[in-house]
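Data block below; observations after.
Counting from 1, the numbers follow the sequence of the chain as shown.
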Amino acid sequence: MIHERAGRGGAAHLPGKDAQAGGPRVVALGGGHGLYASLSALRMVTGRLTAVVTVADDGGSSGRLRRELGVLPPGDLRMALAALCDDDEWGITWSEVVQHRFRSEGELHGHAVGNLLIVALWELLGDAVAGLDWVGRLLGAHGRVLPMASVPLDIVAEVELDGVVSTVRGQVACALTPGRVLSVSLVPEDPPARPEAVAAVHDADWVVFGPGSWFTSVLPHLKVPELARALHGTKARRLVTLNLAPQPGETDDFSPQQHLDVLRQHAPDLSVDVVLADTQVVDDHDALEKAAAALGARLVIADVAASDGSPRHDPRRLASVLDEIFLQKR
């Protein structure tokens, strides 16, 4: 059942954690705004939700903290926690607090409050997962947020421009370098996965890939060997939520089916159960259905985009469709 949500001016809100304790065990993979959209919907569907988040960001506040303190980049982890906040006064307030960025002429300019809070708890507790769990408790988060690896990662991309292939390193460089990304890998090549993330994947009923930056937020999970083995070996069903628009600098001019082709190239042995696409982005139904079938998946097409025409998922619409898929009604 889809729980009621309301915006700042509404009266309805999600019920407490006890009332939300049921539902399938869902692991959502990704990072940044794509994972935020996924979690905003999934938290309405199930109370047993875990986000497994990329840790390769090297820009902005996260990059500065990573370089100065040697910590995991906290930004995508912070956004995932904010997405899991309730819609009551407590949740809205704390979500805004952790997302707030300082504006100044000094060293604090651009830092997000939540990034500093997370890193402070990491230093005090000496454990990344424990620190995130404490922030989740403070925010009243409906779910758990875990890093996909125990160490900071660098993304290395092969980029083709005018017939010339070059190698770029770093998430920001991968996103901004002109050309078409051909493939990605990680440095270090065999990073240690967080055991909690691996366990969550093995215990899941559903694993959800995307939406999000395909090469820098979605595919990196399949490049952490222990996590990749769990994603291949889990008994959970796997769902891919396709993006609503190409990601500038990463997937310019990519069709929805090209996203699936790239996924299959990076993980040829990965089987998928469901591919979910928005009605408006499907320009070649047969080609997309064929690409989904190549992964072993059935294609579900539904209206999941925001009604204002912007390339973002509407949490309510996406939650409704995901709920029907999980209940095998669609």
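Arg101 contributes a side-chain N or O that, together with a main-chain N or O of Gly110, makes up a donor-acceptor pair within less than 3.5 Å. Asp314 places no side-chain N or O within donor-acceptor distance of the main-chain N or O of Ala305, the cut-off being under 3.5 Å. With hydrogens and angles disregarded, no donor-acceptor distance shorter than 3.5 Å links the side chain of Glu123 to the backbone of Ala120.
Listed by first then second residue, pairs satisfying ring pair (Phe, Tyr, Trp, His ring centres under 6.0 Å) with a partner in residues 226-255 read Phe254-His259, not counting sequence neighbours.
Of the charged side-chain nitrogens involved, at least one lies within less than 4.0 Å of a carboxylate oxygen, so that Asp127 and Arg194 count as a salt-bridged pair.
By the rule that hydrophobic residues join a cluster once side-chain heavy atoms approach within less than 4.5 Å of another member, Trp134 and Leu124 end up as members of separate clusters. Criterion: ILVMFWY side-chain heavy atoms under 4.5 Å apart, direct or through other members. Under it, Val172 and Leu153 are not part of a common hydrophobic cluster. Two different hydrophobic clusters hold Met79 and Leu72 under the rule that ILVMFWY side chains link at heavy-atom gaps under 4.5 Å.
Closest approach of Ala56 to Arg66, counting heavy atoms only: O-NH1, 3.4 Å. When all heavy atoms of Ala236 and Ala204 are compared, the pair lying nearest together is CB-O, 3.1 Å.
Scanning for side-chain contact (heavy atoms from CB on, under 4.5 Å) contacts around Ser185 gives Val156, with sequence neighbours left out. The side-chain contact (heavy atoms from CB on, under 4.5 Å) check on Pro246 picks up Thr251, with sequence neighbours excluded. With sequence neighbours excluded, the residues forming a side-chain contact (heavy atoms from CB on, under 4.5 Å) with Ala287 are Gln257, Asp284, listed by chain and number. Residues forming a salt bridge (Lys or Arg N to Asp or Glu O under 4.0 Å) with Arg237 (at least two apart in sequence, or on another chain): none. Not a single ring-ring contact (aromatic ring centres under 6.0 Å, His included) links His285 to another residue, sequence neighbours left out.
A 4.5 Å side-chain heavy-atom check between Val262 and Phe215 finds at least one atom pair inside the cut-off. Contact annotation: the side chain of His33 never approaches that of Ser217 to less than 4.5 Å [non-hydrogen atoms, C-beta and beyond]. Leu139 is not listed as a side-chain neighbour of Ser95, based on a closest heavy-atom distance of 4.5 Å or more. Using a 4.5 Å cut-off on side-chain heavy atoms (C-beta onward), Pro147 and Leu132 make contact. The side-chain heavy atoms of Asp76 and Tyr36, taken from C-beta on, include no pair separated by under 4.5 Å. Contact of the Phe209 side chain with the Leu219 side chain is not registered, since no non-hydrogen atoms from C-beta on lie closer than 4.5 Å. At least one side-chain heavy atom of Leu260 sits less than 4.5 Å from a side-chain heavy atom of Leu242. The side-chain heavy atoms of Val129 and Arg144, taken from C-beta on, include a pair separated by under 4.5 Å.
The OG1 atom of Thr216 sits 4.5 Å away from atom CD of Gln171, with the distance rounded to the nearest 0.5 Å. Here the straight-line distance linking atom CG of Asp205 with atom CZ of Arg25 works out to 4.0 Å at 0.5 Å rounding.
Residue-environment remark: NE2 (His202) exceeds the threshold of 12 foreign heavy atoms within 6.0 Å. More than 12 non-hydrogen atoms from other residues, nucleotides or ligands lie less than 6.0 angstrom from CH2 of Trp122.
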Practice task
Tell me, with the steps shown, if Arg169 and Asp58 meet salt bridge (charged side-chain N to carboxylate O under 4.0 Å, His left out).
Solution key: CA-CA 10 Å; Arg169 178 166 174 167; Asp58 59 352; over 6 Å; no
Practice task
Could you walk me through whether Arg330 and Asp323 pass the salt bridge (charged side-chain N to carboxylate O under 4.0 Å, His left out) test, one step at a time?
Solution key: CA-CA 9 Å; Arg330 183 188 284 256; Asp323 190 46; over 6 Å; no
Practice task
Run the numbers on Leu239 and Val300 for side chain to side chain contact (heavy atoms under 4.5 Å, CB included), then give the verdict.
Solution key: CA-CA 10 Å; Leu239 182 146; Val300 174; over 6 Å; no
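Of the N and O atoms on the side chains of Arg48 and Thr46, not one donor lies less than 3.5 Å from an acceptor on the other residue.
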